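Small disclaimer: the values here were computed from a predicted structure and weren't measured. The analysis underlying the following values was restricted to heavy atoms, covering all of them including side chains, and did not include hydrogens, waters or symmetry mates.
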Amino acid sequence: MNLGMGALLLLWGAAGRAAPFVVEGEGHPTEAPAAAQLEAYRGAGSARVVRRYSQGAGWQYLLLVDGLDDSAALAKAEGGFPGPVARVIDVETGRPVARAAAPAPKAEGGPAPVEKKSRWSREPRPKKPPKDKGAADAREGANALLMRAVEAHGGPGAAARVREAGSLRFRYTRTILTGDRRMEAEHLWLRSGADRRLDIKVAEGAGSSSTTVVRGAGEAWVSANGQVTVRPVDRSGEMVDRFGPEQILAFPLGLGADIETAGAWRGLHVSAGEGRGVVHLRPKDGTKGLTEVGLYEDTALVAYVVLVQGGAVVRIEFDDYKTFASGVVVPKRTRVIRDGALREELVVLDLDLDPSLPSTSFDRP
């Protein structure tokens with residue numbers, strides 16, 4: 001879900017280690033800037049625009065480049081990136097790559113220059129003595145809780161674990177409320193390799209039940225109302241992916257990584273608030289972005305977050321967590337409340353990683 005920028009020198013855990021990487025640009029509130037970056041991209045790998053939920057900023061569009069198998073491809077991607085690089089992800093671990101600025105050339109005859117650390121470095125910065133001991137204690141208490149929360153959410157690699165599964169079965173119900181209109185549907189999302197399938201069964205509201213299948217890069221079709229219609233592969237793939245776990249569960253899957261790395265979670269303080277069994281955290285300036293967080297006291301899992309975006313107050317509540325796979329801890333129920341009114345509810349029924357799917361799952365009806 002947004003961090004630093006710049007083409008800087010990689011710090012490797014082991015010299016010369018080759019691993020796949022993903023490069024992400026900064027988020028934009030509209031699609032146009034990200035689309036312009038996509039047109040201008042001239043680096044290695046496969047580039048595309050993705051829509052993602054960023055904590056503290058809401059839904060954003062960003063340029064994403066993957067298919068970078070080694071450091072040489074990564075360097076080409078950064079060199080051809082049209083704009084600031086927000087972060088580089090090591091796909092193997094799901095973690096942002098630790099980075100530091102390259103040292104300046106040594107002047108002949110002069111002293112060696114002092115190496116400057118960029119804000120990508122994980123090396124802790126010196127802390128100034130706190131002026132307010134009470135505020136410092138509240139902040140340190142919040143930091144300790146957030147460290148527990150990262151562990152409780154399975155660490156920062158949940159999204160990568162889901163993305164790298166060879167096959168996947170994801171079933172959920174989604175209810176959307178707009179004014180006096182209510183739409184409810186059950187979704188079944190399957191993936192095996194590059195093949196994807198989406199079944200939507202409308203229970204209430206406008207719309208028709210349908211099945212959409214994308215067979216890799218080869219073909220795609222939609223079956224609805226007894227008719228099968230061939231569709232463009234690229235557009236169908238993008239549409240189906242919007243209903244998959246990487247996007248539908250982007251917020252909860254990214255919580256572990258976001259708490260560990262994103263600046264919006266820094267500077268939170270333990271604060272008084274109602275709600276038994278929940279610890280409340282708030283920043284010093286609670287007027288925009290991430291303004292409040294609740295953690296379940298017994299588990300350190302996130303109970304709710306409150307965001308102020310575009311003048312609206314959005315509260316997202318998480319309940320009934322379940323460990324669906326190693327390192328994949330997801331709430332079975334998520335509620336989105338905007339300006340005090342319930343707008344959306346998501347109930348996860350199944351999330352199976354690497355299941356054995358029927359061989360006919362992606363056959364044309």
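- Shown are L290, V305, N143, V270; of these, the side-chain contact (heavy atoms from CB on, under 4.5 Å) with L281 is made only by V270.
- Within the structure, ring pair (Phe, Tyr, Trp, His ring centres under 6.0 Å) contacts touching residues 141-171 (residues at least two apart or in different chains) are H153-Y321, F170-Y172.
- The shortest distance between side-chain heavy atoms of L177 and R343 does not fall below 4.5 Å.
- Listed by chain and residue number, R161 satisfy the salt bridge (charged side-chain N to carboxylate O under 4.0 Å, His left out) test with D354 (two or more places apart in sequence, or in another chain).
- We find the CZ-CD distance between R148 and E297 to be 8.5 Å, quoted to the nearest 0.5 Å.
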Would L346 and F251 count as a side chain to side chain contact (heavy atoms under 4.5 Å, CB included) if you check the C-alpha gap in whole Å, the side-chain angles of each, and the deciding distance to 0.1 Å? CA-CA 12 Å; L346 176 76; F251 201 119; over 6 Å; no
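- Each of P355, S356, S361 was evaluated against S167; a single residue qualifies, P355, per the side-chain contact (heavy atoms from CB on, under 4.5 Å) test.
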Pair up each side-chain donor or acceptor in residues 227-241 with any protein partner under 3.5 Å, not counting sequence neighbours, and list the distances.
| residue | atom | partner | partner atom | Å |
| --- | --- | --- | --- | --- |
| S236 | OG | P232 | O | 2.8 |
| D241 | OD1 | R196 | NE | 3.2 |
| D241 | OD2 | R196 | NH2 | 3.4 |

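- Distance CD/E246 to CG/L253: 8.0 Å, rounded to 0.5 Å.
- Among residues two or more places apart in sequence or in another chain, the salt bridge (charged side-chain N to carboxylate O under 4.0 Å, His left out) test is passed with E151 by none.
- With sequence neighbours excluded, the residues forming a side chain to side chain contact (heavy atoms under 4.5 Å, CB included) with R181 are T178, listed by chain and number.
- Put simply, the side chain of D70 does not reach to within 4.5 Å of the side chain of L68, judged on heavy atoms.
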Enumerate donor-acceptor pairs with a distance under 3.5 Å from any side-chain N or O in residues 211-224 to protein atoms, sequence neighbours excluded.
| residue | atom | partner | partner atom | Å |
| --- | --- | --- | --- | --- |
| T211 | OG1 | D199 | OD1 | 2.7 |
| R215 | NE | D195 | OD2 | 3.3 |
| R215 | NH1 | F362 | O | 3.0 |
| E219 | OE1 | R364 | NH2 | 3.1 |

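- Listed by chain and residue number, R338, D339 satisfy the side chain to side chain contact (heavy atoms under 4.5 Å, CB included) test with A312 (two or more places apart in sequence, or in another chain).
- Note on R282 versus E292: salt bridge recorded, some NZ/NE/NH1/NH2 to OD/OE distance being below 4.0 Å.
- Counting only residues at least two apart or on different chains, the ring pair (Phe, Tyr, Trp, His ring centres under 6.0 Å) pairs with a member in residues 222-249 are H187-F243.
- A 4.5 Å side-chain heavy-atom check between R174 and E184 finds every atom pair outside the cut-off.
- Residues R335 and D319 are not in side-chain contact: their nearest non-hydrogen atoms beyond the backbone lie 4.5 Å or more apart.
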For residues 325-333, which side-chain N or O atoms pair as donor and acceptor with protein atoms under 3.5 Å away, sequence neighbours left out?
| residue | atom | partner | partner atom | Å |
| --- | --- | --- | --- | --- |
| R333 | NH1 | E345 | OE2 | 2.6 |

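- Contact annotation: the side chain of V22 never approaches that of V65 to less than 4.5 Å [non-hydrogen atoms, C-beta and beyond].
- Remark: F81 pairs with no residue by the ring pair (Phe, Tyr, Trp, His ring centres under 6.0 Å) rule, at least two apart or across chains.
- Applying the side chain to side chain contact (heavy atoms under 4.5 Å, CB included) criterion to R48, with sequence neighbours excluded, gives V50, L64, D66.
- Every residue two or more places apart in sequence or in another chain that forms a side chain to side chain contact (heavy atoms under 4.5 Å, CB included) with S208 is listed here: N225.
- Contact of the L63 side chain with the V23 side chain is not registered, since no non-hydrogen atoms from C-beta on lie closer than 4.5 Å.
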